[in-house]
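A short write-up of the structure that comes next.
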Amino acid sequence: MAIVSIATALMLAACGGTGAGGGAATSASAGGSAAAGDTLVGVAMPTQTSERWIADGNAVKEGLEKAGYKVDLQYANDDIPTQTQQIDAMITAGAKLLIIAAIDGTALTSQLETAASKGIKVIAYDRLIRDSENVDFYVSFDNYKVGVAQATALLYGLGVTDRDGKATGTATKGQKIELFAGSLDDNNAHFFWNGAIDTLKPYITDGTLVVGSGQDTIEQAATLRWLQETAQKRMEDLLTSTYGGKGTGLKGVLSPYDGISRGIITALQGVGMGPSIKEGLPVVTGQDAEIASVKLIADGVQQSTIFKDTRKLAAQAVTAAQDFLSGKTPTPNNTTDYDNGKKVVPSFLLEVDTVYADTIQAMLIDSGYWTEDEVKSGVAK
Ligand code: GAL
């Protein structure tokens with residue numbers, strides 16, 4: 001069974017569809033032995049304000065439909081009560097399995113209890129659902145490594161290490177940086193932060209880097225709901241409180257997500273920095289390869305992003321769903337790291353890549369994730 005599952009996963013990943021903006025995740029109903037027929041699968045996604053979740057939702061839906069399932073795909077506008085109501089409605093409508101990317105990872109306990117009492121399997125999608133026994137599987141990326149990759153990109157941009165994280169030994173001392181984190185109710189935010197801080201720590205300890213504002217805890221750095229405007233406001237406040245209102249001396253900003261990066265960049269440019277890195281804009285990292293940020297990277301404005309191929313994640317979720325719905329147990333590749341407070345949830349984690357201006361072509365265009373036109377315009381077609 002394990003071999004079948006892995007083979008299916010690889011096949012589905014290899015069949016990755018036509019693009020981030022709505023590419024199919026799978027090509028056929030590979031591996032599903034039970035007749036899918038009228039089986040309904042509920043897919044709960046957090047928000048449509050970020051392209052990545054639209055791409056995720058579309059890819060999961062198409063993959064499940066190709067496998068013969070009926071799909072109820074819902075977005076919750078980043079509103080917790082909306083998401084709980086949507087999940088309640090999916091259960092009432094007779095869904096046999098739920099795939100959920102939670103808004104607040106701690107807010108779904110009662111929905112999942114109901115699901116379990118009806119024998120409905122639950123797959124946590126990208127974000128771990130916490131405080132519940134009733135999470136059957138988790139598909140995501142290696143979130144700690146995302147944080148390591150973000151910090152490494154920052155270190156590379158500041159001349160402290162090479163792209164692989166090897167110290168150059170020639171870095172300027174006392175370079176000022178600022179740190180941003182994601183939403184504290186999203187389990188991933190903590191993994192990204194820990195990976196990044198573990199990577200930056202030695203260089204903060206030896207004085208190569210200095211967190212100018214002194215705001216170096218995840219609570220201080222957090223951005224509720226990952227909102228661009230919230231990040232922009234915090235960056236503006238930091239520029240006023242710590243950098244003389246002009247950004248004087250600020251060299252780099254750790255950002256965990258492209259929306260946050262664009263908020264930070266707007267604030268920096270707003271006080272006259274840049275507009276590009278060449279012209280003195282601080283190095284700003286990112287995540288998700290959102291098209292607006294990929295354009296900024298191509299234009300030399302945002303330094304990097306972490307590419308998480310949502311087509312592969314969707315394919316993985318579809319494989320796990322097919323396994324559960326045909327009475328099998330999906331095969332995890334991690335059974336140690338994702339403790340949700342009640343149990344360690346068996347997980348399947350995918351690898352990530354760092355994108356810089358000179359790797360956009362190979363990683364994003366050649367792989368069919370974005371087209372050249374989309375990168376040029378910064379808009380998903
Ligand atoms: C996280 C996810 C990131 C990013 C962020 C904001 O849970 O892992 O890739 O999308 O949410 O949406």
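Order of appearance sets the numbers: ligands from 1, and atoms from 1 within every ligand.
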Quick note on ligand 1: atoms under 4.0 Å from a heavy atom of D186 include exactly 1 (C), 7 (O), 11 (O)
List ligand 1 atoms under 4.0 Å from D126, heavy atoms only on the residue side. 2 (C), 8 (O)
Shortest non-hydrogen contact from T331 toward F348: O-CD1, 3.5 Å
With the side chain counted from C-beta on, respond yes when I297 and Q302 share a heavy-atom pair under 4.5 Å apart, and no when they do not. yes
Ring-face cation of R234 near F180 (centre distance under 6.0 Å, axis angle within 45°): yes
Look at the rings of Y338 and F191 and say which category their plane angle falls in: under 30° parallel, 30 to 60° tilted, over 60° perpendicular. parallel
Does F191 approach ligand 1 within less than 4.0 angstrom via side chain, backbone, both or neither, non-hydrogen atoms only? neither
Can you confirm whether L112 sits close enough to I129 that some side-chain heavy atom of one is under 4.5 Å from a side-chain heavy atom of the other? yes
S50 to ligand 1: N or O pair under 3.5 Å? no
Nearest option to atom 9 (O) of ligand 1, as decided by whichever heavy atom of D288, T310, D258 sits closest: D288
Would W53 count as a contact residue for ligand 1, given that I'm defining contact as a non-hydrogen atom of the residue lying under 4.0 Å from a ligand atom? yes
Closest non-hydrogen contact found for V139 with A317 is CG2-CB, 4.0 Å
Within the 4.0 Å heavy-atom shell around R127, which atoms of ligand 1 are there? 1 (C), 5 (C), 6 (C), 7 (O), 11 (O), 12 (O)
